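Below is one structure, written out as structure tokens; the observations come after it.
What you see is a predicted model, and the numbers here were worked out from it, not measured in a lab.
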Amino acid sequence: MTTKTPTDKTTDTTKVTTATPIVPLPAAAARATTLAGSALALAGTFLAWTWTDEFPGDLTVTGYPGGLQVLTLVGSALTLLFVLSGYGIRGLGWLTPGGTNSPVLLSALGVLGTTGYALGAISQELGGLVNLEPGAWVSGGGALVAVVGALGLPADQPYDEDEPTPGLWGRIRHALTAPEPRRAGNLPSWAEILIIAAGFGVGLYVFAYGIGTEYSELFIGFLVIAAFGFTAVTRAGLLKQLSDLTAKHRNVTLAAAFATAICFPFTQSNEQFALIGANILIFATVALGLNVVVGLAGLLDLGYVAFLGVGAYAAALVSGSPQSSIGVHFPFWAAVLTGALASLVFGVVIGAPTLRLRGDYLAIVTLGFGEIFRITMNNLNGNSGPDVTNGSNGIPNIPDLEILGFNLGVPHDVLGHELTRSGNYYLLMLLFTAVVVMVFRRSAESRIGRAWVAIREDETAATAMGINGFRLKLLAFALGACLAGLAGTVQSHVSYSVTPEQYQFAGSVPPNSAFLLAAVILGGMGTISGPLIGAALLYLIPAKLQFMAEYQLLLFGAALMLLMRFRPEGLVADRRKQLEFHDTGQLDVPDDKPLPDGATGVAKAGA
């Protein structure tokens, strides 16, 4: 198939055209306007935004940005860099290998969104626009001017002739579909490794800053600027370049990722924020286990959180808790094996009679298992059944773990930095996450993993090719249950107690089955990093925005609907999903050539 270019008149299958910009400005004037607006928004952050320190972040200081001002400053600086790269300044061209104008528009929108939210929050909390100082108006006006200038820039890629002249939303949507970035030149190996290390360092700083935000206004502003900034960097082509480097140096990438994760607890001095990090790892590890069942084997499991509960209850019963009905105290390694083995057994017991079902029927059965587990734990209280789990009271007072004389329940001084209890459990859970990642990766790349994918795509065809579908589905179910039980053993000690209410299908606090499934779909089914990112977002946002607890399910439902509309393959998607959900043009037929039946026309991919 020939490559289509705007000037190739013989091989084009889709005519292209350049649409009139939303703001009728010459390209040079639009770029200068964007540059001036971004500089104005940045300068405004060094002026006071309000006269009183009653608004969190102390935005009354002149010459020293703080709180939401810092976010506007960072977004404006990023916009300035993208704009300057479009001028061909030497040394800045590497910033936009995928095009200069789409990143400019997206980052400018992020600045306007963050600054506009800050101005609205100040006015709402303090009682009107009168509480805004000149600095707020300077930054807000500059952000608006920058967006107007960015809308006057031409698109990085031409529009199809069939596509109508876009309005404001069409221009933004077109900016989200930037062309493939140009290949970077060959760099020395040491330079590529340094770029990978710098990328992970920036990621660690952004993640630690997000967790460390001390009030909801700052976290909402962080979400806005991070979302637009991440999208702008992606459309600039930088993430694609980094992805190519990480694929080239896979072992270095894994080592850098692990080292970056180890550094996280040393960036947090607040016990509460470090605890959020530990719980994110628990949630992410369980989501990765569910990814084996849903992402690889294609089995819709709506009761997966029950396996987390089985592991947690098994570990709690042998933890030495005074409220444990068994009254034994296993060492750490034995408690871990007990929890993982108990979940594995339940996975086989539940999967053996039910995995002959498919689709909705299997989903209903697994949903029933999750509810049966919760009700059973409630009934084992000595009244409705044997006294095993203390019913709704659960098993409290679970003692902290002690590994080789290292008590995870007390702070420790490491290289002059105090590692808190939450930091200790975070590092332990990080080790478990590394094990789960290794198991998932090896399984996905094995013959069994390829057989799982074949079953997921078409079980009938896979069976016809000699694959034992039932046995392999049972293996996926058992492996996913075992990985969830592994995480449950640590969760029981982190939370000090286990109760039936922690393991529901849906609730206000993750992990639960609905949030776990959403994390896999949101992040990207069948990938390693996708469920980790999805789980981190779905746990972090409710933890930081507790005032939105009543609307969490509504908001996440809306988010999933938007995701299915604009990025059905997830935030991180493998090549197979991208080809499945998007028109790649691979089946295009030139309109001047006859089709096999003698007709003429254009055959669109997927038609």
Side-chain angles (χ1 to χ4, degrees), residues 203-204 206-208 210-211 219 223 226-227 230 257-258 260-261 264 273-296 301-309 311-312 422 425-426 428-441 480-481 483-488 490-491 494-495 502-545 552-553 555-557 559-560 563 567 569-574:
L204 172 63
V206 173
F207 183 70
I211 288 185
F219 182 73
L223 286 180
F230 178 81
F258 195 66
T260 301
F264 167 76
F273 298 153
L275 180 61
I276 292 176
N279 285 322
I280 285 176
L281 275 185
I282 294 173
F283 190 19
T285 303
V286 180
L288 195 58
L290 179 61
N291 199 26
V292 174
V293 181
V294 177
L296 293 182
D301 188 349
L302 298 182
Y304 186 75
V305 75
F307 296 119
L308 175 68
S422 298
Y425 279 106
Y426 171 90
L428 175 64
M429 197 59 224
L430 180 62
L431 178 62
F432 279 62
T433 304
V435 172
V436 173
V437 168
M438 182 184 67
V439 171
F440 181 90
R441 180 183 173 189
L483 297 180
L486 198 69
V490 179
Q491 189 214 23
V494 171
S495 59
Q502 294 176 341
Y503 310 105
Q504 304 180 32
F505 168 72
S508 59
V509 180
N512 54 64
S513 293
F515 276 36
L516 288 170
L517 186 61
V520 174
I521 298 174
L522 172 67
M525 294 188 298
T527 64
I528 294 178
S529 57
L532 300 178
I533 295 175
L537 290 176
L538 290 183
Y539 190 93
L540 179 61
I541 293 175
K544 301 297 292 187
L545 301 179
Q552 283 180 20
L553 292 179
L555 295 176
F556 284 133
L560 286 176
L563 184 73
R567 194 172 176 83
E569 71 273 21
L571 296 178
V572 180
D574 58 11

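Looking at heavy atoms from C-beta onward, Y304 lies in side-chain contact with V286 at the 4.5 angstrom threshold. Between L430 and F258 there is a side-chain heavy-atom pair separated by less than 4.5 Å. Under the 4.5 Å side-chain criterion, counting only non-hydrogen atoms from C-beta, L540 is in contact with F219. Residues F283 and Q491 are not in side-chain contact: their nearest non-hydrogen atoms beyond the backbone lie 4.5 Å or more apart. Side-chain contact between I280 and F207: present, with at least one pair of heavy atoms (C-beta onward) separated by less than 4.5 Å. When side chains are defined from C-beta on, L288 does not count as touching L483, because their heavy atoms never get closer than 4.5 Å.
The two residues G277 and F264 make their nearest non-hydrogen contact at CA-CE2, 3.9 Å. For A287 against V520, the heavy-atom pair with the smallest separation is O-CG2, 3.5 Å. Summarising the geometry of G295 relative to M525, their closest heavy-atom pair is CA-CB, 3.9 Å, with the distance given to 0.1 Å.
Atom CG of residue L486 and atom CZ of residue F307 lie 14.5 Å apart, to the nearest 0.5 angstrom. Atoms OG and CG, on S422 and N279 in that order, are 8.0 Å from each other to the nearest 0.5 Å. Note that the CG atom of L428 and the CD1 atom of I282 stand 9.0 Å from one another [nearest 0.5 Å]. The CG atom of L302 sits 9.5 Å away from atom CG of L290, with the distance rounded to the nearest 0.5 Å. Rounding to the nearest 0.5 Å gives a distance of 8.5 Å between CG of D301 and CG of L517.
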Checklist line | Trace of the side chain to side chain contact (heavy atoms under 4.5 Å, CB included) decision for V490 with L281 | finding: CA-CA 11 Å; V490 179; L281 275 185; over 6 Å; no
Next item on the list: Could you walk me through whether I276 and K544 pass the side chain to side chain contact (heavy atoms under 4.5 Å, CB included) test, one step at a time?
Entry: CA-CA 9 Å; I276 292 176; K544 301 297 292 187; 4.1 Å; yes
Next item on the list: Check step by step if side chain to side chain contact (heavy atoms under 4.5 Å, CB included) holds for Y426 and M429.
Entry: CA-CA 5 Å; Y426 171 90; M429 197 59 224; 5.8 Å; no
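The number of heavy atoms from other shown groups lying within 6.0 Å of CZ (F230) does not exceed 12.
Among N291, I521, T285, V292, the single residue meeting the side chain to side chain contact (heavy atoms under 4.5 Å, CB included) criterion with P531 is N291.
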